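Working notes, beginning with the structure itself.
Note that this is a predicted model, so its numbers are computed, not measured.
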Amino acid sequence: MVKAYLRYEPRLVFGVIVSVDSNISYDPSGKHLLAGALDSVAVWDIKKGICSTSLSPSSGSSHSLAVTSIASSPSSSSSSSSSVASGHANGSIRLWDLSRGTCEATLNGHESAVTALRYNQLGSFVASGSKDCDIILWDVVAETGMFRLRGHRDQVTDLVFLDSAKKLVSCSKDKFVRVWDLEMQHCIQIVSGHHSEVWSLDVDPNERFLVTGSADLELRFYLIRNELEEMDNSSKWEVLKHYGEIRRQNKERLATVRFNKSGSLLACQEAGRTVEIYRVLDASNARSKAKRRVRRKKEKLLAKTVEEGKENGNLDSLQNVSAMAVLEPDVLVSDVFKLLQVLRASKKICSIAFCPTVSTKGSLGTLSLSLNNNMLETYSIEEGRVEKKHTVELPGHRSDIRSVTLSSDNSLLLSTSHNAVKVWNPSTGACIRTIESGYGLCCSFAPADRYALVGTKSGTLEIIDVGSGTRVDVIEAHSAAIRSIVPIPDDNGSVGSGFVTGSADHDVKFWEYQLKRKTETDSKQLTVKNIRTLSLNDDVLVVSISSESKYIAVALLDCTVQVYLLNTLKKFLTLYGHKLPVLCMDISSDGDLIVTGSADKNLKIWGLDFGDCHKSLFAHADSVMDVKFVHNTHYMFSVGKDRLVKYWDADKFELLLTLEGHHAEVWCLTISSHGGFFITGSHDRSIRRWDRTEEPFFLEEEREKRLQEMFESDLETNENKYALREELPEEGSVGVPGKRTQETVTAVDMIIDALDTAEEELKHYDQHNVDQQNGKSGQFQPNVMMRGLSPSDYVLQAISNVQTNDLEQTLLSLPYSDALKLMSYLKDWVQNPDKVALVCRITTVLLQTHHNQLITTPAARPILTVLKDILHARVKEFKDTIGYNLAAMDHLKELMSMRSDAPFRNAKAKLMEIRSELSKHSGKFIDGKRKKKKQKNSSKDHVGA
């Protein structure tokens, strides 16, 4: 009988507020902040400080799915659901419906991590840039790639659409900014001038200015030419014209530049703790500032000329300066952009985002920051100050999780980090208590779970009151770091009246619990007392005690494990074999086995009766950090620096499961008393819960699955390794947007199988007709695999099951003979009104791919002739229908605009027009006053002279 095991699967991830590698972005309403949280997108309600929802991929958690870029659609219509795009480390892009929290599409096109994402103004297109140096334009509505733009020689760092001119601007670490024409699908301008990598760019909402930021000390500004402006032929393709530079306050490289939604503020985030915020003046204010600058310059020149004239006795130059014509001054970049505030955060800033709405009166804008210590901060920008409004910090640790432990009834979880201890509800992932502490390396609950013990890096033992969330006592237990705290079990295996600590000061100390009365409140408080000490000759790394309290095992820095009798502390066994120090170990519930994990990447299973090594297993690709037996079994879990969690059978010495999910080294592990779930803590600041399911699995199946995954990964690696590298032209070029994936290979096999099955069915049907004509009557028996569908419908169903984004790559991989078979069905499918667009896509791709073969194949000529007649007519019908519908909608829009409560009336544009006219009148009025004042002053000067 083959033994079956129960599968463990991930159930809950908590503790991560924001990832370091991802940017942050607001949704169009400004109520929620989107932040990358490892492989998911967390949607935070900043005011309440809670995560309202989490957008997680359904394909499972992996470090290759880490979110590296986020963009939200700028469309803020209340009737339409908001779209969010997330770029991942494996090059995929996911489109999410924010209102429903569902993934609408997965787009595969990039070979490596997505580094930049940007929607156009309507939210119909999204552009993505990657570490593979390519830019891909995606159609959000059709959920497919349009084309790939090649030309950058290094990672693409940022993108922005110029909607009015149908252009796309990109910047890269190759020090260049490129302007792409989306209609011609070509690079039309390369902007140089930066001396180092260009890290970010942005354009103001009115598309007047484009700003770029690099490691240079200056911000560079460019004027954007509109299509309506007349230019000579030499500058016909010059979309960006250099406007000027502004010197930054800080010398750190610039990471992000962003305008707010109104375009009145510009934030420049540096790769440190500061954000420089600039005020963007409108045209009239900038003109006034330029005039004041020119006037001050003229006054200084006049004063200097007067002094020189008095010294030389020559007053002719004075008359020349006084007679200078008052010309309209040029508005410089320093006249438009004025430094407003310098915001300094408590930690290094990873990303910034402006809120699209202004929440408070008197506030110019709201800016949110993500910090590298797992925090979100929101600031209100006012005229004279920057005020912190909200902080999200409680749902996560500031640094990596060093230890975790569960209470006796599995209802509470304790975790430690470098400055705090947190108490969690392991069922929901909610943070219940946060207590300040030292650098906690190990922890344990005291009996009855009212108190907890924390061993710190400084050697102190901290007693935590779990109910009140306070640190009640700090005991100087050791002179060096406490590496391990292990409760001493009583006779029935439950937590007893004492515990043991192991430290780097070579001591193992035995403690007992005591209650002391507080004189102030006349209440009892837990304290501990040292009753025994075992001194050793090397650093103690980990301590373990058998469940019947018979043995105590101590792992030392000299790579050995010493086993003592707990009652007498007499040495019983010494376990040799590891080449590097043992970092973790555990003893099974029955006391028969002890497992040790080491920095040499191996697990060793020993018998506690004679100390013989039963088996040495190469367990992880890096150091094994923790290992635990499941209670009352010989199954065990191990975690390591290779980000993996592994499930083992210690009797058969077999690897049962490999669980992926963590994005960094896994430091610690704790298993529930009944073995129904276990918890892991990692350097990526996440705490993950894994639950045992009722789904059985078998060893052979898992082994085959691992071999298949290894084969597929090697296949992809070899394909990329031996693929021909294309020479890229200097001006940039266009390519196919998608890429070959395992899904496209599977889809090709499905289509070929469907074509073969349909062909066999047609032959079978023809044979049946021949038999009927010859008098061999019999009932036709259709193929049950086709589920009652006709051959044409069966192939159509196989094609329709292919994802829209993968269709082009699937058809490219189809052999010519099968492509010809597929084309023979197109004339039947085009009669279905819902499939006309699909037929057009298939026809276009197959004609472009197999053009040379098709024109030389006589069998293809009748198919092409029929398609030419039918397809043009069907497409024209659809074009007429769409035109008719558009005309009808325009007519409805006109009818609605005639009513008083017209929702289509553009009130905002009218308001902006009125404001601009008022500002012009006020500007003329102020200029007239200043001219009169100038004339008075100049006449007084002449009189004085």
With sequence neighbours left out, what residues match Glu218 under side-chain contact (heavy atoms from CB on, under 4.5 Å)? Asp216, Glu245, Arg247
Any salt bridge (charged side-chain N to carboxylate O under 4.0 Å, His left out) involving residues 186-203? Give me the pairs, sequence neighbours left out, ordered by first then second residue. Arg118-Asp202
Hey, are the side chains of Arg148 and Ile135 touching, using non-hydrogen atoms and a 4.5 Å cut-off? no
Which residue pairs pass the side chain to side chain donor-acceptor pair (under 3.5 Å) test with at least one member in residues 345-356, sequence neighbours excluded? none
Side-chain donor-acceptor pair present, Asn250, Thr274, cut-off under 3.5 Å: yes
Can Arg385 and Glu382 be counted as an ion pair, charged N to O under 4.0 angstrom? yes
Are Arg248 and Leu254 side-chain neighbours, meaning at least one heavy-atom pair lies under 4.5 Å? yes
Any ion pair linking Arg279 and Glu383 (charged N to carboxylate O, less than 4.0 Å)? yes
Shortest non-hydrogen contact between Asp139 and Phe125, atoms and distance: CA-CD2, 4.0 Å
Can you tell me how far CD of Glu183 sits from NZ of Lys166, rounded to the nearest 0.5 angstrom? 4.5 Å
Sequence neighbours left out, what passes side-chain hydrogen bond (donor to acceptor under 3.5 Å, both in side chains) with Trp44? Give chain and number order. none
No-hydrogen, no-angle side-chain donor-acceptor test under 3.5 Å, Ser200 and Thr256: no
If a pair satisfies ring pair (Phe, Tyr, Trp, His ring centres under 6.0 Å) and one of its residues is in residues 243-281, list it, with sequence neighbours excluded. Phe209-Tyr243
Could you list the residues that satisfy side-chain contact (heavy atoms from CB on, under 4.5 Å) with Asp21, not counting sequence neighbours? none
Arg225 bridged to Glu238 by N-O distance under 4.0 Å: no
Does a donor on one side chain sit under 3.5 Å from an acceptor on the other, for Ser368 and Tyr26? yes
Just jot down the side-chain hydrogen bond (donor to acceptor under 3.5 Å, both in side chains) partners of Ser262, sequence neighbours excluded, or say none. Asn260, Ser264
Distance from Leu137 atom CG to Leu168 atom CG, nearest 0.5 Å? 7.0 Å
Could you tell me which residues satisfy side-chain hydrogen bond (donor to acceptor under 3.5 Å, both in side chains) with Tyr222, sequence neighbours excluded, listed by chain and number? none
Would you sort out whether Val203 and Leu162 count as a side-chain contact (heavy atoms from CB on, under 4.5 Å), showing the intermediate values? CA-CA 8 Å; Val203 64; Leu162 302 181; 3.9 Å; yes
Which residues pass the side-chain contact (heavy atoms from CB on, under 4.5 Å) test with Asn285, not counting sequence neighbours? Leu281, Asp282
Going by side-chain hydrogen bond (donor to acceptor under 3.5 Å, both in side chains), name the residues that satisfy it together with Ser172, two or more places apart in sequence or in a different chain. Asp174
Could you state the interatomic distance from CD (Glu270) to CZ (Arg253), rounded to the nearest 0.5 Å? 10.5 Å
Does either side chain, that of Ser83 or that of Tyr119, offer a donor lying less than 3.5 Å from an acceptor on the other one? yes
Below 3.5 Å, can you tabulate the donor-acceptor pairs from side chains in residues 332-341 to any protein atom, sequence neighbours excluded?
{"unit_1": "Asp335", "atom_1": "OD1", "unit_2": "Arg293", "atom_2": "NE", "d": "3.2"}
{"unit_1": "Asp335", "atom_1": "OD2", "unit_2": "Arg293", "atom_2": "NE", "d": "3.4"}
{"unit_1": "Asp335", "atom_1": "OD2", "unit_2": "Arg293", "atom_2": "NH2", "d": "2.8"}
{"unit_1": "Asp335", "atom_1": "OD2", "unit_2": "Leu332", "atom_2": "N", "d": "2.9"}
{"unit_1": "Gln341", "atom_1": "NE2", "unit_2": "Gly384", "atom_2": "O", "d": "2.9"}

Evaluate the criterion side-chain contact (heavy atoms from CB on, under 4.5 Å) for residue pair Leu369 and Leu343; output intermediate values, then yes/no. CA-CA 11 Å; Leu369 318 176; Leu343 189 156; 3.6 Å; yes
Nearest 0.5 Å, what's the NZ-CZ distance between Lys261 and Phe354? 14.0 Å
Check whether any side-chain heavy atom of Val140 lies under 4.5 Å from a side-chain heavy atom of Ser124, and answer yes or no. no
Report the C-alpha distance between Val275 and Ile349 in whole Å, list the side-chain angles of each, state the deciding distance to 0.1 Å, and finish with yes or no for side-chain contact (heavy atoms from CB on, under 4.5 Å). CA-CA 9 Å; Val275 178; Ile349 303 169; 3.5 Å; yes
Once salt bridge (Lys or Arg N to Asp or Glu O under 4.0 Å) is applied, do any residues pair with Asp27, and if so which ones, sequence neighbours excluded? none
Are any non-hydrogen side-chain atoms of Leu210 and Val169 less than 4.5 angstrom apart? yes
Do the side-chain N and O atoms of Ser25 and Ser72 include a donor-acceptor pair separated by under 3.5 angstrom? yes
For residues Ser170 and Trp180, report the shortest heavy-atom separation together with the two atoms involved. OG-NE1, 2.9 Å
Inter-residue atom distance Leu201.CG - Leu159.CG, 0.5 Å rounding: 7.5 Å
Looking at Asp181 and Lys167, does any basic side-chain N land under 4.0 Å from a carboxylate oxygen? yes
Is it the case that Ser363 and Ser380 place a side-chain donor and acceptor less than 3.5 Å from each other? yes
To the nearest 0.5 Å, tell me how far Ser128 OG sits from Ile93 CD1. 3.5 Å
Judged by modelled atom types alone, do Ser86 and His88 share a side-chain donor-acceptor pair under 3.5 Å? yes
